Amino acid sequence: MRDLKHLQYFEDLLQEANNELIVKAKSEGKVCAAFLCENTPEPLMNLGGTFGVRLFAPNTGSMDIATYYMTSLLCENSRALLERAIEGGFNFADCLVAPDGCTMINRCAENMELLHTMDGGKDNFFYENMEIALKGDENGVKLMRLQCVNHILNPLHEKYGIDISDKAIRAAVKEHNEICEIIMALSEFRKEEKPRITGYEFAVFTLATYVCPKYLIKKKLQETLKEVAKREPDDKPYRARVVVVGSEIDDVNLIKLIEDCGAYVAADRFCFGAFPGRLPIPMNDEEDALTQVARHYVMMSQCPRYMDMPKVYGRKQYVADLAKEYDVDGIIYQQVNFCDPWAYEKLLGSTMLQDDYGYPVLAVNRPYNIASSVGQMRTRVQAFVESIEIKKIQGGAK
């Protein structure tokens, strides 16, 4: 297919945490509200005068210093983030909000604060840790709302004078939804028999919406959507269609590797992905905006942090529904090395999706930076694609 006009631009933005758009937004006097977990309500980080950035550590190499503080038994994602923070790679942040999505992120945020990795010379900088519910119910919504007030809204207002009114929150949700709607529209093209956008391209655009100021990428995303709508797809089909599920994927080279092996990534259910992170937030005029935002993040979350049975079984049904909607042939369950929540989830999910729903499943551990394990991952994905092809030849149903 013809190269997309803005793909290289977005790829370049993902090469470093402190990308050129963050520099531009800071030069305009905006407050950078950094956060660490998908359980953070993003619109509240993008109120007037602020812009939210989810921290990631592209091109990570050695994590020796972070390992000294956190041990080698904690996940590589949390260690990579701490390593980058100690190196000064997140000095652009004006605050840090970290929900307790897992013990590893808690330890990461705690060390960032204790080591003063981002607050040097910033009088108004604040570190905040939010408590997250274990159940997806109305009590969880109330807890999320309270935590947002105490650990996001009040600190932003008190430290930086940010408007935290209902009107301001609704405006932030509107901007958030506009970006989400573009990503969801791009995702629709992944359903086609001959897709007009690759899974890798889609991952690049989606990741950029998490790590760049949204208002500075909106125009190029809109242009990309129009371009894809008129794009002529390749005639050469993929050998298999898959949905990728699991923990953080902020290294788009993993998606590229999978597609280079002949498997089209038609859908995603991973942190930094489109589902459910880029689903628009439904709003009404009867209830205050903050409660509606809190409810969306509690009820729609597919994070293993939620341990009530409706959530536990619902996560597998969610993946099965995605697999059906996007007409996939198999499912890849992946976890970053030493990620405990997704280790348990991967075991249960990969078993249920195969035994109860009939999908072929590949379950893999992977390093934070896939470049350190390309050969092993390529071999496993290639074998998985071949197994799907054999099943098709033998007349196996999905």
Side-chain angles (χ1 to χ4, degrees), residues 13-60 63 65-66 68-70 77-101 104-131 147-165 168-169 172 175 208 210-217 250:
L13 289 174
L14 302 182
Q15 295 308 304
E16 55 182 315
N18 190 18
N19 59 67
E20 66 177 70
L21 296 185
I22 291 177
V23 174
K24 177 176 173 57
K26 292 277 290 184
S27 71
E28 295 174 354
K30 291 186 176 290
V31 174
C32 177
F35 60 102
L36 288 179
C37 175
E38 68 172 345
N39 289 300
T40 310
E42 275 187 81
L44 306 184
M45 315 297 282
N46 287 279
L47 299 168
T50 70
F51 65 95
V53 170
R54 184 170 173 186
L55 298 182
F56 76 132
N59 304 309
T60 288
M63 294 182 281
I65 298 175
Y68 170 79
Y69 286 101
M70 298 179 68
N77 175 62
S78 60
R79 282 186 280 149
L81 292 173
L82 179 59
E83 187 84 18
R84 189 60 54 90
I86 292 173
E87 292 170 351
F90 300 142
N91 286 347
F92 54 84
D94 294 304
C95 65
L96 178 68
V97 177
D100 64 340
M104 284 70 83
I105 285 298
N106 283 346
R107 291 283 292 134
C108 175
E110 178 184 32
N111 276 283
M112 286 178 175
E113 181 174 2
L114 292 173
L115 297 172
H116 299 283
T117 56
M118 288 177 263
D119 57 307
K122 302 175 184 178
D123 294 336
N124 292 323
F125 193 100
F126 62 85
Y127 296 93
E128 292 288 343
N129 291 276
M130 296 173 58
E131 183 181 353
Q147 294 293 301
C148 288
V149 170
N150 291 340
H151 300 290
I152 300 178
L153 298 180
N154 285 347
L156 283 174
H157 178 69
E158 293 166 3
K159 295 288 187 176
Y160 296 105
I162 301 300
D163 181 2
I164 59 173
S165 65
I169 294 174
E175 178 189 55
Y210 286 95
V211 302
C212 299
K214 290 179 175 57
Y215 75 100
L216 292 177
I217 61 174
D250 56 32

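From a predicted model like this one, the values you see are computed outputs, not experimental measurements.
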Pair Thr117-Tyr127, side chain to side chain contact (heavy atoms under 4.5 Å, CB included): steps then yes or no: CA-CA 11 Å; Thr117 56; Tyr127 296 93; 4.0 Å; yes
Glu38 vs Arg54, side chain to side chain contact (heavy atoms under 4.5 Å, CB included): CA-CA, chis, key distance, verdict: CA-CA 8 Å; Glu38 68 172 345; Arg54 184 170 173 186; 3.6 Å; yes
Side chain to side chain contact (heavy atoms under 4.5 Å, CB included) evaluation trace for Arg84 with Leu55: CA-CA 10 Å; Arg84 189 60 54 90; Leu55 298 182; over 6 Å; no
Trace of the side chain to side chain contact (heavy atoms under 4.5 Å, CB included) decision for Tyr160 with Asn124: CA-CA 7 Å; Tyr160 296 105; Asn124 292 323; 3.6 Å; yes
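Heavy-atom minimum distance, Cys212 versus Asn19: SG-ND2, 3.6 Å. Minimum interatomic distance between Cys95 and Phe125 (heavy atoms only, all atoms of both residues): N-CE1, 3.4 Å. Minimum heavy-atom separation, Cys108 to Met70: N-CE, 3.7 Å. Nearest heavy-atom pair, Ala25 versus Pro213, reported as atom, atom and distance to 0.1 Å: CB-CG, 3.8 Å. Closest heavy-atom contact between Phe51 and Asn46: CA-OD1, 3.5 Å. Smallest separation of non-hydrogen atoms from Ala98 and Ala109: CB-CB, 3.6 Å.
Remark: Leu156 CG to Ile164 CD1 distance equals 8.0 Å, nearest 0.5 Å. Here the straight-line distance linking atom OG of Ser78 with atom CE of Met112 works out to 9.0 Å at 0.5 Å rounding. Here the CD1 atom belonging to Ile162 is positioned 11.5 Å from the CE atom belonging to Met45, to the nearest 0.5 angstrom. The distance from the CG atom of Asn91 to the CG atom of Asn18 is 8.5 Å, given to the nearest 0.5 Å. If you take CD on Glu128 and SG on Cys148, they are separated by 11.5 Å, rounding to the nearest 0.5 Å. Remark: Leu82 CG to Ile105 CD1 distance equals 10.5 Å, nearest 0.5 Å.
Met130 is listed as a side-chain neighbour of Val97, based on a closest heavy-atom distance under 4.5 Å. Contact annotation: the side chain of Val53 never approaches that of Phe90 to less than 4.5 Å [non-hydrogen atoms, C-beta and beyond]. Counting heavy atoms from C-beta outward, Val211 and Leu13 have side chains that stay 4.5 Å or more apart. Contact annotation: the side chain of Leu96 approaches that of Leu36 to within less than 4.5 Å [non-hydrogen atoms, C-beta and beyond]. Side-chain atoms of Glu158 and Phe126, non-hydrogen and from C-beta on, never get closer than 4.5 Å to each other.
A salt bridge (Lys or Arg N to Asp or Glu O under 4.0 Å) check over residues 115-125, counting only residues at least two apart or in different chains, returns nothing.
The backbone N or O of Glu131 lies less than 3.5 Å from a partner atom in the side chain of Gln147, making a donor-acceptor pair. Between the side chain of Asn154 and the backbone N or O of Asn150, no donor-acceptor pair lies under 3.5 Å. No side-chain donor-acceptor contact under 3.5 Å links Asp100 to the backbone of Asn106. Counting only distance, with no hydrogens or angles, the side chain of Arg107 and the backbone of Tyr69 share a donor-acceptor pair below 3.5 Å. Remark: the backbone N or O of Ile65 is paired with a side-chain donor or acceptor of Glu83 at under 3.5 angstrom.
Between Glu28 and Lys24 there is a salt bridge, with a side-chain nitrogen of the basic residue lying less than 4.0 Å from a carboxylate oxygen of the acidic one.
A side chain to side chain contact (heavy atoms under 4.5 Å, CB included) with Asp94 is found for exactly one of Met118, Lys26, Lys30, namely Lys26.
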